Amino acid sequence: MEVLIYLVPMALLLGLTGLAAFMWSLRNGQYDDVQGAAVRVLSDDDLAK
Amino acid sequence: MAETLDLSIYVKRQDDGTAHLDLAIEGIDCAACIDEIEGGLCQLPGVVEARLNYTNHRLAVEWRDGELSPAAVVEELQRIGYRAHPFQARLVEEEETRRAKWLLKCLAVAGFASMNIMLLAVSVWSGNVTDITPEIRDFFHWLAALIALPAVAYAGQPFFQSAMGALRNGRTNMDVPIVIGILLALGMSVVETINSAEHTYFDSVVMLLFFLLCGRYLDQAMRRKTRTVASNLASYRAEVAHKIDHNGEAVLVPTAALNAGDRVLVRPGERVAVDGVVISGCSEIDESLVTGETAHRAVRADSQVYAGSMNYNGTLTLRVTAAGKGTLLDEVERLLENAAAAKSRYVQLADRVAKVYAPIVHTAAALTAIAWIASGASVHDALITAISVLIITCPCALALAVPVVQVVASGALFRAGVFLNAGDAFERLAEVDTIVFDKTGTLTLPSMSVVNAHDLEPGLLQAAGRLALSSHHPLAVAVAKMAQDRRPYEDVVEEPGRGVRANVDDIEMRLGSPAYCDAEDLEKEAASSDPTASVIALSWGDKRAVLLVRQALRPDAVAVVTDLRRRGFDCRILSGDRPEAVAPIAAALGVSTWRGGCKPAEKIEALDALKAEGRKVLMVGDGLNDAPALAAAHVSLSPISAADLTQAQADAVFLGDKLQPVQETIQISRRAHSLMRQNLGIALVYNLVAVPLAFFGYVTPLFAALAMSGSSTIVTLSALRARGRAPLAPAEQPNPADAAPVPQGA
């Protein structure tokens, strides 16, 4: 059962990483325009003109 | 129309030498609009960035300061085919956005904590029935405590704050038992962890928080969505005025740019955009949108005029007065204060339940402790059992029962074109038994229309409509609406105060006053049949016709009012207009109880009399004079065309030309209310089952987790029924264009 000593902190760390990523995306304004993001992905204006 | 609007007050100058403008855009309907708008604007010289928010239809434009005028941006958008309106975020909306972000952060923390603690808890539960060692169990419990304590301290803030707020005011709300339950469960779990006991409740606590925060966030998101659309609509109707600058020149500016003391020019046919005092000029004005009175009032120097009045025949110069000045406004403000003070604070359904629920639960917990001690158990066991009663009764489902229904039902209202201002309006709307309508602008449309169109020869009507396109007279706007061919005739001559004329097919056509068109005999005949309508005459060669123009009933008013009466609602009319103008409307609608010529104070008196009879009154009104009555009524609705002050008092605002939303609002609210009660019933039944089990000490953390998530899920699923069946007729799209009377460049 010694494996728990590093498995549990690892699991927690992974979870915290997810939480941090969510907080970052929230602060970055990724949820300000959810419908826009859904349709912008279809536009190909980033291709070379 | 070639005048450019001076938008400089909306432009924000930034430190890096760029200027920033926020616009609300009308006419966005597909994804291609994004490219069109952003691409089109980026081709303007000087534009650094244009970013359209597709969710709330707002555009942020930035350009290098000095290289571009803000009006050029609006014009370019107009050219591409979109109407843009300068937009200023309101304080309330910014506050809501901040709160939504905060709730989302709390939700994320609670979600993270509940997932990780559940991972540990499930291991302990399965270990307890197999071969977990006490050391590992303690380790897991300490880990769970390590996650739960900071997570609850952070994610529990919305509840702590709300409970504290209620307690400080000497009230209780649903959050008080929630907070007590959370804190006790947390405290007990920590103590049990220190004693290396078998059971802790960390998982229940964070899961409870997670569910409750989901409900709060959804509620908030729905309210924010309606508020966004409402403030977009407000900016669509933002009005403009001709300000006379210090050189004496008239410049077109948004009314937001006007200050008290500024001078403003109002031409015939324009709507007065601000409250003010006439400095020079004399004219007749139509104040029907303000006072409900449809007869025109003559104004001259020193007369007070109100925003929303229509100027008829003369050019006026006004001095802008500070907001809230003037006899009518003073009276309205005073009445509003009284109404707000007199209105007994409505206690929401959930809080009423909480008021009864909390003492019962806390007594049950105390009884449990006493009973266990009396039967010889140790104080420790007795306390554990008592606290488990509190945990299991922690009103998770109860706290979700009302908000989730509100979210789903306000979504249904939103689709029907109704925006709620107050969250608790559902409960009040569901109780309504009497509906009081204002006449002008509520039962009737706010704009004028030709009422005898069916009696006229179609060719003549079309010709009159086309000719009217060239006139600036307010009544001509109503006639011009009848024209299917929107091309004005050429070489039209407008004779101020008389009418317009043009040569059509080499025959002179005239549209204007009956005298101008030589149709006075027809006028007398028409006036006797409909004395309240304004008469416009048309002559074309030797053909004569008169058009009767007045504010027509909303197209479905008769059907809706008849239907409401059939359903047993007592419908009444209280109008500020003359009795002789109200009588025909009341007759057409079959409403027998009506009053005309009501001052704002008289409307309130009438409502108070109804209230004294024990009736629950829904007031539907739009004018400035209705604002106090809307505040005094049990619940109130107003059309989107209503005055700003009035809209702020209404519990909900509806869109469009139809009265149908009034009926739908009541139906949806009744359905929502009965679902709320059912949901509360489900939650209480759950408690009836759970409390005895907890009393006898059968509640383990596993049981608590299952029972809590189970009841919350059932309540949420049951709330989804509030979406209701699809309406029979295709629901009218909330089309802002219908609701925006003469938005710009009037």
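Proteins get letters first, then strands, A, B, ... in listed order; numbering begins at 1 in each. Since this is a predicted model, take the numbers as computed values, not measurements.
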Discussion item. For a side-chain contact (heavy atoms from CB on, under 4.5 Å) check, start with the C-alpha distance between B:F140 and A:V8, then their side-chain angles and the critical distance, and finish with the verdict.
Written reply: CA-CA 9 Å; B:F140 276 14; A:V8 168; 4.2 Å; yes
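For a heavy-atom cut-off of 4.5 Å, chain A lies close to B:K101, B:L104, B:K105, B:A108, B:V109 in residues 96-111 of chain B. When the heavy atoms of residues 13-21 of chain A are compared with those of chain B, the residues falling under 4.5 Å are A:G15, A:L16, A:L19, listed by number.
Rounding to the nearest 0.5 Å gives a distance of 7.0 Å between CG of A:L12 and CG of B:L120. Once rounded to the nearest 0.5 Å, the distance linking CZ of B:F139 with CG of A:L4 reads 6.5 Å. Between B:R51 atom CZ and A:D32 atom CG the span is 10.0 Å, to the nearest 0.5 Å.
Between B:L52 and A:R40, the closest side-chain pair of non-hydrogen atoms falls below 4.5 Å. Looking at heavy atoms from C-beta onward, A:Q35 lies out of side-chain contact with B:H57 at the 4.5 angstrom threshold.
Residues B:N116 and A:A11 share a closest heavy-atom pair of OD1-O, 4.2 Å.
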